[in-house]
Structure formats: C-alpha cells, structure tokens
Amino acid sequence: SVAEGNSELSVEFSDLTDDQINTISEVLANPCTVNGLYCEHLWFVNQKNVMYKGHVINVKYSKKSTTPKVTVTYWKYDETEEEGEDVTMTLIEFVVDYITGDLQINDPATS
C-alpha cells in the first residue's frame, strides 16, 4: 500500500528510523538510485541463514510490469564479486528485505 501511495511508511512501519524512511522514500521515488550500491543480504539457503555481499548492477523497467526489476550480483564472503551470481527481483522485494533487516545497504565509502 505504501508503494501505491495509499499509506505512509511511518504509519505502516512505525519502528523504522528517519534514515530508513528517507532511503526507502528515495528508492521508491527514483529506483535508479540503487544502481551501483553495495549491500549485504541474508538468504535462507539449505536450512541455514547465509550472509552474502551484493552489488546492484541494474534497475530495469519492463513494459509488462509497473514495478522495476533489480539485478544484484551476490557472492559469499570467501569469494570475489567476479565469482558471484546475478539474482533479479522486483524493487518491492528489494525494499521489503531492507525493511525486515535482511538487506543492508552499505555506505559507498566503505564498500
């Protein structure tokens, strides 16, 4: 409902910080702002939580869908980015994982 403009982030997710609300609002208003960002993403794989490093490599709009698709290269901590695999998800899935804490966007200066 937030993505469709029917509700406000601060109402639906009262535990978010102002920084998180600003980040989410910026991403929803201009999805291309995530292009090039680095992140860490917790995935549930083979019955275990596994933390991956990630690099957003593309945000693509489709004629079939109003929601952009985000492609991220993911790799394990003992691998290099070149060994990573590309995963495509909707922008909404990306933002939901950020809201739940499964995805953390890293400061570009420290990536």
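Just so we're clear, the structure is a prediction, and the values are computed from it rather than from any experiment. Hydrogens, waters and symmetry mates play no part in the numbers below; they use all other heavy atoms, side chains included.
Counting heavy-atom neighbours within 6.0 Å of Asp78 CG, excluding the residue itself, gives a total above 12. Few gaps surround CD on Glu83; more than 12 heavy atoms of other groups in view lie less than 6.0 Å from it. The neighbour count for Asp18 CG, taken as heavy atoms of other residues, nucleotides or ligands under 6.0 Å away, does not exceed 12.
If you take NZ on Lys69 and CZ on Phe94, they are separated by 14.5 Å, rounding to the nearest 0.5 Å. How far CE of Met51 is from NZ of Lys76: 14.0 Å, rounded to the nearest 0.5 Å. To the nearest 0.5 Å, atom CD of residue Glu85 and atom OG1 of residue Thr73 are 10.0 Å apart. Atoms CD and CG, from Glu93 and Asp102 in turn, are 12.5 Å apart once rounded to the nearest 0.5 Å. In this structure, OH in Tyr98 is found 4.0 Å from OG1 in Thr23, a value given to the nearest 0.5 Å. If you take OG1 on Thr88 and CG on Asn58, they are separated by 8.0 Å, rounding to the nearest 0.5 Å.
Linking ILVMFWY residues whenever their side-chain heavy atoms come closer than 4.5 Å, directly or via other members, places Leu28 and Met89 in the same cluster. Ile105 and Ile21 fall within the same hydrophobic cluster, defined by Ile, Leu, Val, Met, Phe, Trp and Tyr side-chain heavy atoms under 4.5 Å apart, directly or through other members. Val34 and Leu16 end up in the same hydrophobic cluster when Ile, Leu, Val, Met, Phe, Trp and Tyr side chains are linked at under 4.5 Å. Note on Phe44 and Trp75: separate hydrophobic clusters, where clusters join Ile, Leu, Val, Met, Phe, Trp and Tyr whose side-chain heavy atoms are under 4.5 Å apart, directly or indirectly. Connection of Leu37 to Tyr61 is not established within any shared hydrophobic cluster, with ILVMFWY side chains joined at heavy-atom distances below 4.5 Å, either directly or through further cluster members.
A pairwise comparison of heavy atoms in Pro68 and Thr66 identifies CD-O, 3.6 Å as the closest pair. The shortest non-hydrogen separation linking Leu103 to His41 is CD1-ND1, 3.2 Å.
Side-chain contact between Leu42 and Glu40 is absent, with no heavy-atom pair separated by less than 4.5 Å. In this structure the side chain of Val72 reaches within 4.5 angstrom of the side chain of Cys39, judged on heavy atoms. Under the 4.5 Å side-chain criterion, counting only non-hydrogen atoms from C-beta, Val95 is in contact with Val27.
Relative ring orientation between Tyr52 and Tyr74 is described as perpendicular, the plane-to-plane angle rising above 60° on a 0-90° scale split at 30° and 60°.
Under a 3.5 Å cut-off, the side chain of Thr100 and the backbone N or O of Asp97 do form a donor-acceptor pair. A distance-only check finds a donor-acceptor pair linking the side chain of Gln20 to the backbone of Thr17 [under 3.5 Å].
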Problem set entry | Intermediate values then yes/no, side-chain contact (heavy atoms from CB on, under 4.5 Å), Leu91 and Val59 | CA-CA 8 Å; Leu91 180 70; Val59 176; 5.7 Å; no
Problem set entry | Criterion side-chain contact (heavy atoms from CB on, under 4.5 Å) on Lys48 and Trp43, from CA distance to verdict | CA-CA 8 Å; Lys48 295 190 313 188; Trp43 292 84; over 6 Å; no
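Looking at Thr71 and Asp86, their side chains never bring a donor and an acceptor atom within 3.5 Å of each other.
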